[in-house]
Amino acid sequence: QVQPVESGGGLVQPGGSLRLSCAPSGSSFSIGAAAWYRQAPGKQRGWIAGITTGTMTNYADSVKGRFTVSRDNAKNMVYLQMNSLRPEDTAVYFCFFPSTNTWGQGTQVTVSS
């Protein structure tokens, strides 16, 4: 079954930026709508951003104005550009495809000086 494959996480200082990428595990699968979630230690996984099959986007208040979700249909990729990162953004970030209802392994983002 097709799963999202996330990449791009890492360690970044407060105020820094990272771009996460999400690709499907199967080459014949075209990403439709997609969403990004994150799970911090000891907390539940929560939705932070979504993008439709077009270009409509939506964000959680906690990331609005700092994070941008986008897609490149030619590359069959979805991205999450994260700017002005804060220590409270530290979490494992997951991409989600509503059409397959499957989760990837996630990618760790750590914001620390």
Side-chain angles (χ1 to χ4, degrees):
Q1 192 172 10
V2 174
Q3 293 180 317
V5 179
E6 305 92 343
S7 61
L11 173 64
V12 63
Q13 292 187 341
S17 298
L18 280 175
R19 189 179 79 157
L20 306 183
S21 300
C22 174
S25 59
S27 60
S28 62
F29 177 82
S30 293
I31 298 175
W36 286 95
Y37 287 71
R38 68 184 180 186
Q39 186 168 15
K43 295 188 177 181
Q44 288 188 330
R45 189 174 302 182
W47 174 86
I48 56 170
I51 187 166
T52 66
T53 53
T55 56
M56 291 185 63
T57 59
N58 202 8
Y59 301 93
D61 288 344
S62 59
V63 306
K64 195 174 296 182
R66 300 188 298 122
F67 291 11
T68 302
V69 59
S70 62
R71 65 189 309 134
D72 185 332
N73 290 333
K75 295 182 178 179
N76 201 27
M77 298 281 289
V78 171
Y79 304 100
L80 184 68
Q81 178 67 42
M82 306 186 296
N83 299 328
S84 302
L85 283 162
R86 306 165 179 169
E88 54 264 38
D89 294 318
T90 295
V92 179
Y93 284 70
F94 298 88
C95 181
F96 179 74
F97 301 149
S99 62
T100 63
N101 197 30
T102 53
W103 296 96
Q105 294 298 312
T107 185
Q108 175 71 47
V109 172
T110 302
V111 184
S112 175
S113 55

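Keep in mind that the numbers below use all heavy atoms, side chains included, and drop hydrogens, waters and symmetry copies. Position 1 is the first residue of the sequence; numbering continues from there.
How far CE of Met82 is from OG of Ser17: 8.5 Å, rounded to the nearest 0.5 Å. To the nearest 0.5 Å, atoms CD1 (Ile51) and CG (Asn58) are separated by 11.0 Å. Met77 contributes atom CE, which lies 9.5 Å from atom SG of Cys95 (distance to the nearest 0.5 angstrom).
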Discussion item. If you apply the rule side-chain contact (heavy atoms from CB on, under 4.5 Å), what do you find for Arg38 with Val63, and how did you get there?
Written reply: CA-CA 11 Å; Arg38 68 184 180 186; Val63 306; 3.9 Å; yes
Discussion item. Applying side-chain contact (heavy atoms from CB on, under 4.5 Å) to Lys75 and Ser21, what does each step give before you reach the verdict?
Written reply: CA-CA 11 Å; Lys75 295 182 178 179; Ser21 300; over 6 Å; no
Worksheet item: Under the side-chain contact (heavy atoms from CB on, under 4.5 Å) criterion, do Trp36 and Glu6 qualify, and how do the steps go?
Response: CA-CA 10 Å; Trp36 286 95; Glu6 305 92 343; 4.1 Å; yes
Worksheet item: Is there a side-chain contact (heavy atoms from CB on, under 4.5 Å) between Ser25 and Val2 once you walk through the steps?
Response: CA-CA 5 Å; Ser25 59; Val2 174; 4.0 Å; yes
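What you find for Val111 and Thr90 is that their closest heavy atoms are N-OG1, 2.9 Å. Residue Ser112 comes nearest to Pro14 through the heavy atom pair C-CD, 3.6 Å, listed as atom of the first residue, atom of the second, then distance. The two residues Ala33 and Thr53 have their closest heavy-atom pair at N-CG2, 3.5 Å.
By the rule that hydrophobic residues join a cluster once side-chain heavy atoms approach within less than 4.5 Å of another member, Phe29 and Val78 end up as members of one cluster. Linking ILVMFWY residues whenever their side-chain heavy atoms come closer than 4.5 Å, directly or via other members, leaves Tyr79 and Val92 in distinct clusters. Trp47 and Phe94 fall within a single hydrophobic cluster, where Ile, Leu, Val, Met, Phe, Trp and Tyr are joined by side-chain heavy atoms under 4.5 Å apart, directly or via other members. At a threshold of 4.5 Å between side-chain heavy atoms, the hydrophobic network of Ile, Leu, Val, Met, Phe, Trp and Tyr places Ile31 and Tyr93 in one connected group.
Between Tyr37 and Trp103, the distance separating the two ring centers is shorter than 6.0 angstrom.
Between Arg86 and Asp89, no side-chain nitrogen of the basic residue sits less than 4.0 Å from a carboxylate oxygen of the acidic one, so the salt-bridge criterion is not met.
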